[in-house]
Amino acid sequence: MNGDYKFDLYFAKNMDDKDVLGVYKSRFDIKENQIYMDGNSLGLSSIDAKEALNDAYDVWKNEGIQIWGTENGKYFKYSKSIAAQIAPLINSDIEEIAVMGSITTNIHQALSTFYKPDSSRYKIVVDELNFPTDIYAVKSIIALKSMNEEDVLVKVKSEDGRTISEEAVIEAMSDDVALMLLPSVLYRSSQLFDMKRITKAAHEKGILIGWDLAHSIGAVPHDFKSIEPDFAVWCSYKYLNGGPGATAGMYINKKHFGISTGLKGWFGNKDSSQFAMDHNFDQDPTAEGLLQGTPNIFSMAPLLGALKHFNEAGIHALRKKSLALTGYMMFLIDERLSEYGFAIGNPREDDRRGGHVALEHDEAYRISLALRDLGVIPDYREPNVIRLAPVPLYIGFEETYRVIEIIEKIMQEKIYEAYSLDRVTVL
Ligand SMILES: *Cc1c(COP(=O)(O)O)cnc(C)c1O
């Protein structure tokens, strides 16, 4: 598509006119005079999310304790209600999904369920660019097993500080590796791994593998029936637009159904015996066996509303538009911003990048502050990256064009120089 892009507003508006997904924008709470490019950190609120939250609230208000029995136990079985809407995004069975916790707590659950070291297989492979909380969780399980980090933890190194080579990941799969945990998309550089290739290689070596979908769920379709990972975790507040701290999710491949849950709780019990109040855990054999406590209804309801958009629009159509938008953004950066010392830090190939563009510049911090004051909400990551996510549900070609135009203005007029270099926490 690259050759067809043009740097003018007319082209951008024309692309938006032809876009059938443009209708979704009106469902979102978009501020006038603001372009929201941070949907990869916290997706925007929508009419549908709010309605679903209000509905749940009214059921509580009207029914009290009977909320658990209304609508055929929809709220009691809320994990399943939501799993049914998430399954198409990763092409899994509904029974393979548990809607619970946060990414952090779900990694703890996954590791305590799957990590069973013995004297010949005990290493855990991660990558050195992964998000800190994932690594903290891995270090926790190592400490809980009274093992040494130096013996157990293997970090695949990055050659360029941006990306991780798949060959290096595969090379790290030695016979003493028990488990691997990798992100589907690297949070800073947007690198998308070939999950099928890596999962297959891990399985050939007898290694269990889990994926953190934080930066891909809702942005990149996954075919778990073909990839067949052992487990996966994700959050619901980034591309899924479920709201700040929305209840996260976890997948476990059905070949592991019945594996004893590491961190047990009464919602992991079979429904039929949950209220027998017996002290012997009678585990639900599906992913629901991973559930712990009572579902967080108000952290889940907005997600149920937000998921409507994905299943109406279709995740493949959304991905197609997202690739066109990030492709257009890269074209504009090359055309208009390269003379100012910017670099594109994400892989350029369609099958190797996620939903955001990683724009690098030595002055990225001060440029991101100037962007904010000029009505663009970016996302800054130390030391030099501005992440820009043209989320296809609520961003079009025109906004993408305008963002690059504003950055060009910031550079031409040196607007960023008016800002202090002292870091304030960027939220
Ligand atoms: C956003 C993100 C998290 C956040 O974890 P929470 O427990 O949801 O706060 C974890 N890992 C990765 C890779 C992320 O991008």
Side-chain angles (χ1 to χ4, degrees), residues 37-44 79 82 86 89-90 97-112 124-141 153 155-156 158 162-164 169 179-193 195 198 209-220 222 229 231-251 263 290-293 296 299-300 302-303 306 345-346 353-358 378-382 385-389 391 425-427:
M37 299 304 280
D38 205 3
N40 57 316
S41 271
L42 180 63
L44 281 184
S79 170
I82 294 173
I86 290 182
L89 305 181
I90 58 173
I97 295 174
V99 178
M100 59 189 276
S102 64
I103 290 190
T104 309
T105 61
N106 292 351
I107 296 174
H108 284 299
Q109 177 66 299
L111 294 173
S112 62
I124 301 180
V125 173
V126 295
D127 69 277
E128 72 165 354
L129 299 180
N130 205 339
F131 200 88
T133 205
D134 299 46
I135 305 300
Y136 301 159
V138 170
K139 290 187 174 185
S140 302
I141 194 80
L153 192 63
K155 281 192 189 176
V156 181
S158 165
R162 293 166 167 158
T163 55
I164 299 281
V169 170
L179 185 145
M180 305 184 71
L181 174 68
L182 293 171
S184 49
V185 168
L186 287 175
Y187 74 94
R188 198 184 281 115
S189 72
S190 195
Q191 179 192 354
L192 168 64
F193 283 109
M195 294 164 67
I198 292 172
I209 182 162
W211 292 95
D212 181 339
L213 312 181
H215 282 277
S216 64
I217 196 155
V220 180
H222 294 304
F231 68 89
V233 297
W234 58 87
C235 61
S236 304
Y237 50 80
K238 291 174 180 164
Y239 290 101
L240 291 184
N241 309 320
T247 300
M250 188 167 173
Y251 158 97
L263 304 172
L290 300 162
L291 295 173
Q292 294 168 330
N296 315 119
S299 298
M300 296 163 91
L303 173 61
N346 53 280
R353 69 178 195 272
H356 73 268
V357 168
D379 175 290
Y380 172 73
R381 281 290 171 269
E382 293 284 357
V385 180
I386 299 173
R387 297 187 302 185
L388 297 167
V391 173
T425 308
V426 182
L427 291 173

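All ligand and atom numbering here is 1-based and tracks the order in the structure.
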Enumerate donor-acceptor pairs with a distance under 3.5 Å from any side-chain N or O in residues 130-137 to protein atoms, sequence neighbours excluded.
| residue | atom | partner | partner atom | Å |
| --- | --- | --- | --- | --- |
| Thr133 | OG1 | Thr104 | OG1 | 2.9 |

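Protein heavy atom in closest approach to atom 1 (C) of ligand 1: Lys238 NZ, 1.4 Å. Here the heavy atom of the protein found nearest to atom 6 (P) of ligand 1 is Tyr237 OH, 3.4 Å.
Closest approach of Ala358 and Val385 over heavy atoms only: CB-CG1, 3.9 Å. Contact between His356 and Leu186 at its shortest, heavy atoms only, is CE1-O, 4.0 Å.
The side-chain heavy atoms of Met180 and Val169, taken from C-beta on, include a pair separated by under 4.5 Å.
Against a heavy-atom cut-off of under 4.0 Å, Thr104 is close to the following atoms of ligand 1: 5 (O), 6 (P), 7 (O). Those atoms of ligand 1 that come under 4.0 Å of a heavy atom in His215, given as number and element, are 15 (O). Residue contact check: Ala214 has heavy atoms under 4.0 Å from atoms 2 (C), 12 (C), 13 (C), 14 (C), 15 (O) of ligand 1. Annotation for ligand 1: atoms under 4.0 Å from non-hydrogen atoms of Thr133 are 5 (O), 10 (C).
If you look at Asp134 next to ligand 1, the close heavy atoms, those under 4.0 Å, all belong to the side chain. Both the backbone and the side chain of Ile103 come within 4.0 Å of ligand 1, counting heavy atoms alone.
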